Amino acid sequence: MTKTRPEEIVSILREEIAGYDTKVRRDETGTVLEIGDGIATVYGLEKAVYGELVELDTGVKGMVMDLSRDSVGVVLLGSDAGVREGTVVKRTGHPADVPVGDGLLGRVVDVLGRPIDGLGPIETRETRPIEHEASGVVTREPVNVPLQTGILAIDAMVPIGRGQRELIIGDRQTGKTAIAVDTILNQKGQDVVCIYVAIGQKASTVARVQDTLKKHGAMDYSIIVSATASDSAPLQYIAPYAGAAMGEYFMSQGRDVLIVYDDLSKHAVAYRTLSLLLKRSPGREAYPGDVFYLHSRLLERACRLTKEYGGGSMTALPIIETQAGDVSAYIPTNVISITDGQIYLESDLFFSGQRPAVNVGLSVSRVGGAAQTRAIKKTAGTLRIDLARFRELEVFTQFASDLDAATQHSLDHGRRLLELLKQPLYHPMPVSRQAVILYAATNGLLDDVPLDKARDFALAFAKEMEDEHHDVMDEIQSTGNLSAPAVETIRSVLEDAKKRVSATWQA
């Protein structure tokens with residue numbers, strides 16, 4: 001056994017004394033008075049502020065959401081296992097935040113930015129507060145740059161621009177998430193960062209969305225923020241704000257962002273749960289009085305910035321689920337009044353085979369033609385009117401047996417338009433294909449094609465244009481315009497295609 005020499009002991013003591021930190025550190029702490037359902041009532045945090053992050057002895061973090069005279073209400077951002085009366089709670093002195101940066105692209109994270117996809121840690125250098133004041137009017141620019149969804153019915157009649165907030169609303173199982181996923185898939189190669197925020201969804205649904213994005217190569221530019229139905233109400237509550245903070249980082253870098261909130265109905269329910277547990281007064285449908293502010297401060301963060309402030313944009317697609325098509329319920333009317341239009345999906349249309357089941361009469365975009373390319377605006381000009389006329393005639397003539405030629409022609413034309421608006425899942429269309437199909441449809445060039453063959457013929461015609469006249473299609477795609485030579489080419493190719501297959505129609 002070796003003995004330590006006295007001089008060695010002296011040198012060790014000197015090193016310890018030299019490295020001793022004499023600074024006094026003060027931490028403001030409190031103790032848990034009551035815990036239950038993910039809500040802790042804490043005594044002693046006299047200087048805590050609303051939205052501040054706190055840390056409990058168990059390692060779980062929480063956020064201050066209620067300030068009373070003698071205590072504060074803290075929502076736990078994790079498990080309450082081990083938290084009991086007397087547990088020490090420490091202030092952090094900074095607001096709840098999430099990591100942001102390019103390292104998040106291609107990943108599935110929880111609401112605190114921690115990876116949950118099993119692909120290892122995420123390297124990020126910056127954080128942003130989840131609650132952030134929306135950009136002011138001076139910093140914003142008009143929305144006039146298209147954000148193509150790749151869905152013919154939407155790009156033609158309910159166009160969406162970069163920086164817009166367009167609501168997707170309808171009953172459950174009517175294809176709301178499918179429209180959002182198709183829009184994300186269509187951003188491939190468009191230099192748009194996509195964020196999908198799952199709020200209160202089944203874990204299997206989130207996994208299916210991730211699998212779809214990965215299969216189509218869209219995860220490379222996407223982030224999935226997941227707060228599933230099995231997560232606590234506090235986590236579901238902060239999920240959309242965390243997603244918005246991640247999006248704002250890219251927007252501040254001058255990039256374009258698309259963010260999907262799926263869905264805000266469940267978000268409102270999570271907030272109602274929190275509010276009632278925090279003993280706030282319930283109002284209409286048991287929601288607290290500030291539930292409108294809940295979504296308005298979230299959706300106001302979506303905008304398009306001027307060049308002086310970076311020139312980026314964040315486009316929001318919030319999703320709302322209705323009960324039996326009731327758009328006049330409390331949360332739907334709130335979000336309708338906040339957004340710049342809505343895409344209304346109707347159950348009857350969906351179950352009759354019209355998919356996407358967009359109700360043309362109730363769907364609207366308050367940006368309108370400003371967010372359309374000239375080719376789409378030119379070719380889709382009469383589409384909405386033609387469909388409205390068809391709907392009216394269809395109802396009026398459903399019991400009629402003898403129709404005049406003009407009425408019968410309008411009905412046949414409307415049925416062909418509806419057939420052309422049908423689109424399979426995960427097959428977004430480029431602008432050039434949309435413009436070619438719309439030109440043929442709205443100008444009556446497909447009226448002599450049998451109804452049951454119209455859609456297949458139009459798709460085959462568009463494919464022929466892409467294969468044989470790719471220079472024309474590239475021109476439409478790049479310029480967004482339909483020139484006179486392009487129109488001539490479309491008409492001649494269409495006539496040739498009709499002559500080739502007309503014999504099969506007769507048979």
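Computed from heavy atoms alone, side chains included, the values below leave out hydrogens, waters and symmetry copies. Not measured: the values here are computed from a predicted model.
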Any side-chain to backbone donor/acceptor pair from [X] onto [Y]? Under 3.5 Å, distance only.
X    : Y    : value
Q323 : D171 : no
S265 : E321 : yes
E466 : M473 : no
D231 : L235 : no
T333 : Y330 : yes
Q477 : S432 : yes

Is it true that the NZ or CZ of R272 lies under 6.0 Å from the centre of Y287's six-membered ring and within 45 degrees of the ring axis?
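Yes, a cation-pi geometry.
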Establish, for the pair R415 and F390, whether the NZ or CZ atom is under 6.0 angstrom from the six-membered ring centre and no further than 45 degrees off its axis.
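Output no; distance or angle outside limits.
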Just wondering, do [Y] and [X] contact through their side chains at under 4.5 Å, heavy atoms?
X    : Y    : answer
I259 : T315 : no
M65  : Y237 : yes
D97  : I130 : no
R384 : L387 : no
V75  : L274 : yes
L438 : L383 : yes
Q201 : K266 : yes

Please determine if [X] and [Y] form a salt bridge, counting it only when a charged side-chain N lies under 4.0 Å from a carboxylate O.
X    : Y    : answer
E248 : R301 : yes
E46  : R91  : no
R297 : E131 : yes

What distance separates [X] [atom1] from [Y] [atom2], expressed to the nearest 0.5 Å?
X    : Y    : atom1 : atom2 : result
S296 : R165 : OG    : CZ    : 10.0 Å
L258 : Q190 : CG    : CD    : 11.5 Å
L276 : D37  : CG    : CG    : 11.0 Å

Side-chain donor-acceptor pair under 3.5 Å between S313 and D256, yes or no?
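There is such a pair (donor and acceptor under 3.5 Å, judged by atom type) between the side chains of S313 and D256.
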Expected list for residues 178-186: side-chain donor-acceptor pairs under 3.5 angstrom, two or more places apart:
unit_1 : atom_1 : unit_2 : atom_2 : d
D182   : OD1    : Y426   : N      : 2.9
T183   : OG1    : I179   : O      : 2.8
N186   : ND2    : Q148   : O      : 2.9

Take Q434 and D155, measure what side chain to side chain donor-acceptor pair (under 3.5 Å) needs, and give me the verdict at the end.
CA-CA 9 Å; Q434 289 184 12; D155 290 341; 2.9 Å; yes
Given E34, which partner from the list T41, V42, I39 fulfils the side-chain contact (heavy atoms from CB on, under 4.5 Å) test?
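The passing option is T41.
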Between N144 and R162, does the side chain to side chain donor-acceptor pair (under 3.5 Å) criterion hold? Intermediate values first, please.
CA-CA 7 Å; N144 52 27; R162 298 192 181 191; over 6 Å; no
Applying side chain to side chain donor-acceptor pair (under 3.5 Å), run through S230 and T228 and close with a yes or a no.
CA-CA 5 Å; S230 59; T228 61; 3.0 Å; yes
Assess whether side chain to side chain donor-acceptor pair (under 3.5 Å) is satisfied between S365 and Q164, documenting all intermediate values.
CA-CA 9 Å; S365 170; Q164 190 175 343; 3.1 Å; yes
What are the two closest heavy atoms between D326 and P332, and how far apart are they?
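Closest pair (atom of D326, atom of P332, distance): O-CG, 4.2 Å.
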Do Y241 and H267 have ring centroids that are under 6.0 Å from one another?
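Between H267 and Y241, the centre distance is under 6.0 Å.
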Can you tell me if Y43 has over 12 outside heavy atoms packed within less than 6.0 Å of its OH?
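No, OH of Y43 has 12 or fewer neighbouring heavy atoms, counting only those of other groups under 6.0 Å.
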